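Step one of this worksheet: look at the structure below.
Worth saying up front: this structure is predicted, and the values here are computed from it rather than measured.
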Amino acid sequence: VGVGVLVWQTGHLPLIALLLAFSFGFYGLLKKGTRLSSDVAMLFEADVILPFVLVYLLFFSHESLTDYSLAENILLALSGIITAIPLLLYAESLKLAPLNLVGFIQYLNPTIQLLIALMVFGEKLSLGQLYGLIFIWIAIGLFVIGQIVLLKRQKS
């Protein structure tokens, strides 16, 4: 219903949002089903993406590493390591947690981003967007209630 409200408000399907939702869902499913260790799987993923990155950097990028100072290049290299740590933790958690729980947790990040956009950056939320958000969080609330009921049944 929430997505339907947003479609009605904008007049078109949110293709990018749906593509991200489905691709992340399938990514999580694939990660959960793989027998590789998280670090080896992440290395494989980086190897798959590497040719595309190199083509972009060599032929389409308007900037090169020489455009930046040594300190900026060092920080750029460190950002890769800093980014890898949460990705490795996420990959490990996917193996341990049920996918429905992981899917629920995925709603927290965009909600936090929305709150930061509203409260820190002063962005506006239209009434239609607010209605869509309310319906989405009602659905999430129903999911949480269902999970609590399921846990209580399993304990008794």
Side-chain angles (χ1 to χ4, degrees), residues 1-34 36 38-39 41-46 48-50 52-53 55-57 60-63 67-68 72 75-156:
V1 173
V3 173
V5 168
L6 294 174
V7 168
W8 176 73
Q9 178 206 6
T10 60
H12 59 82
L13 207 60
L15 292 177
I16 294 175
L18 291 173
L19 178 67
L20 285 171
F22 283 110
S23 65
F24 225 86
F26 285 121
Y27 173 75
L29 183 64
L30 288 172
K31 290 291 279 189
K32 188 161 183 74
T34 186
L36 296 173
S38 297
D39 53 346
M42 199 164 152
L43 180 63
F44 175 76
E45 292 169 16
V48 169
I49 292 173
L50 182 64
F52 300 102
V53 171
V55 166
Y56 172 78
L57 290 174
F60 298 105
S61 178
H62 299 290
E63 299 171 347
D67 294 337
Y68 299 100
E72 289 171 323
L75 289 173
L76 179 63
L78 289 175
S79 70
I81 295 167
I82 292 169
T83 302
I85 293 169
L87 288 174
L88 285 169
L89 293 172
Y90 173 73
E92 282 300 312
S93 69
L94 273 177
K95 293 179 182 179
L96 303 174
L99 278 178
N100 61 352
L101 178 62
V102 173
F104 165 72
I105 292 171
Q106 294 298 331
Y107 280 95
L108 296 178
N109 180 29
T111 301
I112 292 169
Q113 288 178 4
L114 174 66
L115 292 174
I116 290 171
L118 295 173
M119 295 179 193
V120 176
F121 296 112
E123 292 194 24
K124 304 293 182 213
L125 190 67
S126 73
L127 197 56
Q129 290 170 326
L130 179 62
Y131 289 150
L133 186 65
I134 288 170
F135 280 116
I136 289 169
W137 272 100
I138 287 172
I140 293 169
L142 291 173
F143 170 79
V144 169
I145 291 169
Q147 291 298 303
I148 291 169
V149 169
L150 186 65
L151 283 173
K152 285 184 180 181
R153 283 186 188 161
Q154 288 176 348
K155 286 184 179 181
S156 58

Query raised in the report: Taking all atoms of both residues into account, what is the closest heavy-atom pair of Pro14 and Val7, and its distance?
Result: CD-CG2, 3.5 Å
Side-chain donor-acceptor pairs under 3.5 Å in residues 115-127, sequence neighbours left out?
{"from": "Ser126", "atom 1": "OG", "to": "Gln9", "atom 2": "NE2", "distance (Å)": "2.6"}
{"from": "Ser126", "atom 1": "OG", "to": "Gln129", "atom 2": "N", "distance (Å)": "3.2"}
{"from": "Ser126", "atom 1": "OG", "to": "Gln129", "atom 2": "OE1", "distance (Å)": "3.3"}

Query raised in the report: Taking only residues two or more places apart in sequence or in another chain, which ones pass side chain to side chain contact (heavy atoms under 4.5 Å, CB included) with Leu151?
Result: Gln154
Query raised in the report: How many angstroms lie between atom CH2 of Trp137 and atom OG1 of Thr111, to the nearest 0.5 angstrom?
Result: 4.0 Å
Report task. Please list, chain by chain and in numerical order, all residues satisfying side-chain hydrogen bond (donor to acceptor under 3.5 Å, both in side chains) with Tyr68, sequence neighbours excluded. Result -> Glu63
Query raised in the report: Would the number of heavy atoms belonging to other residues, nucleotides or ligands and lying under 6.0 Å from OH of Tyr90 be above 12?
Result: yes
Query raised in the report: Are more than 12 heavy atoms from other residues, nucleotides or ligands located less than 6.0 Å from atom CD1 of Ile16?
Result: no
Query raised in the report: Considering residues at least two apart in sequence or located in another chain, which fulfil the salt bridge (charged side-chain N to carboxylate O under 4.0 Å, His left out) criterion with Glu72?
Result: none
Requested in this report: Take Asp39 and Leu43, measure what side-chain contact (heavy atoms from CB on, under 4.5 Å) needs, and give me the verdict at the end.
Outcome: CA-CA 6 Å; Asp39 53 346; Leu43 180 63; over 6 Å; no
What donor-acceptor contacts under 3.5 angstrom involve side-chain atoms of residues 81-89, with partners at least two apart or in another chain?
{"from": "Thr83", "atom 1": "OG1", "to": "Ser79", "atom 2": "O", "distance (Å)": "2.7"}

Query raised in the report: Between CG of Leu133 and CD1 of Ile140, what distance do you get to the nearest 0.5 Å?
Result: 8.5 Å
Report task. Check the pair Val53 / Leu57 against side-chain contact (heavy atoms from CB on, under 4.5 Å), numbers first and verdict last. Result -> CA-CA 6 Å; Val53 171; Leu57 290 174; 3.8 Å; yes
Report summary line: Taken to the nearest 0.5 Å, the spacing of Met42 CE from Leu36 CG works out to 13.5 Å
Query raised in the report: Measuring from Leu20:CG to Tyr27:OH, what's the distance to the nearest 0.5 Å?
Result: 14.0 Å
Report summary line: Value for CD1 (Ile49) from OH (Tyr56), rounded to nearest 0.5 Å, stands at 15.0 Å
Query raised in the report: Say you draw a straight line from CG of Leu30 to CD of Glu45; how long is it, rounded to the nearest 0.5 Å?
Result: 9.5 Å
Report summary line: Taken in chain and number order and not counting sequence neighbours, the residues that satisfy ring pair (Phe, Tyr, Trp, His ring centres under 6.0 Å) with Phe143 are Phe104
